Amino acid sequence: MSRRQYPFHLIEPKWQAKWNTEQTFRAWNPGETIPERHPFGVRHALGGQAPEASQLPPKFYILDMFPYPSGAGLHVGHPEGYTATDILSRFRRAQGYNVLHPMGWDAFGLPAEQYAIKTGQHPRITTNQNIATFKRQINSLGFSYDWSREVDTTDTGYFRWTQWIFLQLYNSWVNPATGKAENISTLVFPAECNTEDLKRKYCDSRRLAFVSEAPVWWCPDLGTVLANEEVVDGKSEVGGFPVVRRPMRQWMLRITSYADRLLADLNTIEWSDSLKKMQQDWIGRSEGAEVDFALPGRPEKLRVFTTRPDTLFGATYMVLAPEHKLVSEITTPAQREQVQAYQAAVGRKSDMERTELAKEKTGVFTGAVAINPVTNQPIPIWIADYVLASYGTGAIMAVPAHDTRDFEFAQRFGLPVVQVVAPPDANTPWQGFTDDGTAVNSSGASLNLNGLRTPDAKRKIIDWLEAQGFGKRTINFKLRDWLFSRQRYWGEPFPIVWKKDIDGTLYHQALPETELPLVPPALEEYKPTASGQPPLARAQEWVHLADGSEREVNTMPQWAGSCWYYLRYLDARNSNRFVSSAAESYWMGTAGKTTKATPGVDLYVGGTEHAVLHLLYARFWHKFLFDLGQVSTAEPFYRLVNQGLILGEDGQKMSKSRGNVVNPDDILVEYGADAFRLYEMFMGPLQDTKPWNTSGVEGVYRFLGRVWRLFVDEASETEYEQSCTTLAPEQQANLLASTIRLHLSIQDVTPDKAQLKSLHACIKKVTEDLEALRFNTAISAMMVFVKDAIEWKQRPASAMGTFLQLLAPFAPHVAEELWEKLHGGLGKAVPSLSYQAWPTFDASHLVEDVIEVPVQVNGKLRDVISVATAATNQEVEAAALASEKVQSFMVGKTVKKVVVVPPKKLVNIVIG
RNA sequence: GCCGCUGUGGCGAAAUGGCAGACGCAGGGGACUUAAAAUCCCCAGACCUUAAAAGUCGUGCGGGUUCAAGUCCCGCCAGCGGCACCA
């Protein structure tokens with residue numbers, strides 16, 4: 001290894017240890033006693049007091065997506081977001097905020113369980129080891145987390161409250177009158193619910209946590225069911241194993257009751273457009289109508305959902321999903337064989353095959369017809385797998401003229417195509433025209449849509465359908481209820497028992513809150529049972545209760561713990577409540593003196609992979625808790641930023657198999673944490689995807705070396721190096737502090753004009769860039785300052801100290817060390833740089849006597865002239881025209897126009 | 001197929017409609033050194049010339065608006081991401 005630029009290997013552990021023992025980054029809740037000498041107390045004159053919320057400075061809550069502590073440890077992608085939030089946290093602290101910046105572990109999950117199946121080692125042990133590794137690595141980067149608030153989703157003190165929230169969901173329903181969740185006890189039973197059993201069923205059909213027998217995604221390789229959001233292209237998101245559709249008894253959460261609010265409230269939060277779009281698409285709201293078609297000779301109606309009721313006159317056939325329950329009833333004997341064969345063929349197809357796009361439309365005629373309510377004509381009913389049982393009513397009216405899929409189907413099977421919409425542009429062919437236009441061929445006995453523009457036609461026909469009792473306005477969502485149970489061991493057990501009725505039917509019942517936490521039983525064997533039961537079923541003594549009831553043996557999905565961890569941080573050690581209302585309203589609300597703060601989490605940074613999983617689930621739980629009055633905001637994460645992916649040096653996604661994974665530990669040994677942090681931020685904009693380049697680390701490392709040498713006398717450093725070789729690291733650190741002297745150029749003098757200009761330009765740029773999360777350009781501004789300062793014969797201590805304050809959020813270790821040297825001299829105690837007030841920028845220092853103004857002729861740069869700052873536009877123009885270079889371009893031409901861009905930015909002379 | 005984002009030197013990138021390429025990497029030259037490393041200084045978009053200067057072209061492609069376009073508008077192309085028979 002080459003000679004170190006500066007002794008980061010001594011500085012970094014020294015400051016990390018100091019921050020740890022002094023609890024420098026402890027965030028204070030209202031009512032907590034702040035120690036006398038804590039730098040936060042000193043800064044805000046609150047030392048030794050226990051201030052109320054109104055006495056505390058404004059809060060700022062900066063949150064990272066907490067990691068799953070895998071066995072592989074940290075890779076360089078993790079610290080990207082963590083570094084950004086840490087810089088912001090340190091910046092906000094300096095600005096005087098009470099900053100909450102916590103970290104924890106999303107530690108339930110499959111890898112620890114699979115390791116347990118392989119080796120028999122309890123997931124608790126694996127998890128603890130992995131957490132220890134992660135924590136060591138995270139700490140080695142000098143992040144300013146308040147570890148007193150660390151959470152671990154697998155800790156009983158944590159998951160008892162996950163189970164508690166589940167019980168609240170179980171005991172709640174959404175009142176359609178208010179659209180909000182209430183306790184199940186407010187349900188009013190209809191008259192026909194006159195037995196305990198019927199009442200129970202009525203409640204169960206409305207609970208936000210309920211049991212369903214519907215078909216679910218079963219992943220044989222993982223031995224568990226998965227949520228819609230966890231299935232990607234017919235494979236499991238984790239591991240990429242095939243999944244099959246299979247009816248099973250499962251726990252669901254009624255997230256669909258919140259679909260509307262989850263969509264609408266996206267407008268109240270600052271997330272990227274693309275992320276909002278992903279959630280919007282996932283929720284998939286569409287407005288339209290349900291229309292009933294009569295079935296000749298049958299009492300029931302065939303109900304369809306359509307977003308284009310205005311095209312009803314063009315509905316020439318109907319299509320049912322092959323699984324639709326009416327299919328077997330309406331199919332004529334002549335068609336039965338064909339229909340059943342088709343149903344069987346579809347059932348054998350994987351989901352992948354069914355949604356494959358290139359394939360031709362398939363389907364079979366049922367032999368039955370339905371009556372089009374506007375034309376009164378019979379139209380044939382088909383079944384086809386392009387209609388999905390799970391969306392709308394599982395049946396459609398087909399308007400081949402104005403729907404691409406219906407058109408393809410009609411072409412294939414020779415079904416009639418009737419135009420009912422005229423495109424706005426007469427040259428556009430009407431066949432397959434799916435946009436808005438004008439209704440044509442759309443009149444009947446009591447309804448005429450002809451000539452109406454599509455939106456008006458929709459309105460008119462829905463009014464007509466409602467008046468006639470043929471249908472009604474409806475909104476449909478793509479969002480499905482959330483499948484909430486898994487057949488795993490390493491997850492939260494459900495606080496539910498199953499009881500038997502007198503007649504032997506099973507029903508579920510919640511455990512009382514006093515029995516929480518419900519801890520998973522000890523097992524010898526973590527595999528599912530031979531009969532396919534979840535692993536918890538192996539613990540017979542745990543499952544079977546004295547009263548004959550049995551415990552639920554499914555567990556909650558990994559998402560459960562991450563749905564509310566950001567709330568637990570607010571009051572992480574509270575054993576009476578999941579969070580106290582005082583802590584919740586101070587950190588999440590806008591109460592008290594938090595004028596500059598925003599409601600909820602002020603900034604949440606994480607990867608984009610959670611766009612429709614964690615971020616949707618957490619919003620759902622938060623809204624539910626809001627309805628119950630448990631939290632004070634409707635949204636949890638006010639502002640969210642997705643950090644971009646860091647690719648390997650080869651420009652490919654980092655992966656073990658490609659061998660391009662960069663381990664932060666290796667970088668730290670060679671260059672130190674400050675250089676690592678600086679490089680992660682210098683690579684490019686936080687949100688962008690960008691490749692790693694280790695020699696880029698070298699660049700910022702050299703920069704830190706230059707900073708060091710600005711402040712430190714090299715002769716004293718050589719002295720130190722010669723005498724420390726035989727000492728232990730701790731003694732080396734002491735020697736470092738006592739031997740190394742400040743650079744002789746550092747003097748107690750007033751900065752001159754040029755120095756103030758350099759410094760204030762840097763303050764301005766760094767401050768503005770931090771506000772806007774432009775870390776890369778903030779760093780280049782500091783590099784420019786250092787270039788200037790290297791030239792200075794005298795380096796004013798005050799200006800150099802201010803620079804260290806700007807550097808501190810990015811490279812806190814070296815900044816603290818130099819700050820201490822600058823202010824403390826030898827052995828004198830200096831308060832941590834972390835709570836020094838952020839420097840303010842003074843524009844008057846940037847004013848120059850003479851300004852260089854570029855001069856263009858016909859838009860091309862021809863000269864740069866110097867003009868006095870006080871010069872008027874006329875004087876600038878005259879000076880520009882007088883320039884010799886400019887003159888040479890104007891020979892034989894006339895000046896048509898002169899544009900002078902204030903304030904002395906540029907002159908453009910237009911000639912011709 | 002639909003939606004969103006992004007296209008700038010050899011590379012990562014910068015630029016409220018106003019000097020394109022700040023800052024950094026890699027590269028070249030020099031100083032220091034017995035030498036190397038480290039450090040410090042200088043050069044560095046392409047082209048064409050030149051003794052030097054100057055000049056021409058340049059932000060994916062084609063148009064447009066403007067005194068002035070990487071930036072705004074229209075039409076393409078490519079890459080990345082999301083959704084994908086959602087009626």
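Chain identifiers are assigned alphabetically (A, B, ...) following the order of the sequence lines, protein sequences preceding nucleic acid strands; residue numbering begins at 1 within each chain. Quick caveat, the model's predicted, so the values are computed rather than measured.
- Counting to the nearest Å, the C1' atom of B/G79 and the NZ atom of A/Lys653 are 16 Å from each other.
- No donor-acceptor contact under 3.5 Å links the side chain of A/Asp281 to the base of B/C83.
- On a pure distance criterion of 3.5 Å, a polar donor-acceptor pair joins the side chain of A/Lys905 and the base of B/U16.
- Counting only residues at least two apart or on different chains, no ring pair (Phe, Tyr, Trp, His ring centres under 6.0 Å) pair has a member in residues 886-912 of chain A.
- A donor N or O paired with an acceptor N or O is not found under 3.5 Å between the base of B/C67 and the side-chain atoms of A/Lys896.
- Among the nucleotides B/C23, B/A13, B/C85, the one closest to any side-chain atom of A/Phe682 is B/C23.
- In this pair, A/Trp382 and A/Phe409 present their aromatic rings perpendicular. The plane angle is above 60°, beyond the 30 to 60° band.
- Applying the ring pair (Phe, Tyr, Trp, His ring centres under 6.0 Å) criterion to A/His324, with sequence neighbours excluded, gives no partner residue.
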Taking Watson-Crick and G-U wobble contacts under 3.5 angstrom, with | marking pairs to another strand and [ ] crossing pairs, the secondary structure of RNA chain B is written (((((((..(((.....[....))).(((((.......))))).(((.......)))..(((((..]....))))))))))))....
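- Here B/G24 presents its C1' atom at 13 Å from CG of A/Leu704, a figure rounded to the nearest Å.
- With a 6.0 Å cutoff to the six-membered ring centre and a 45° limit on the axis angle, A/Arg619 counts as a cation-pi contact of A/Trp271.
- Contact annotation for A/Ser286: backbone-only contact, meaning every heavy-atom pair under 4.0 Å involves sugar-phosphate atoms and none involves a base.
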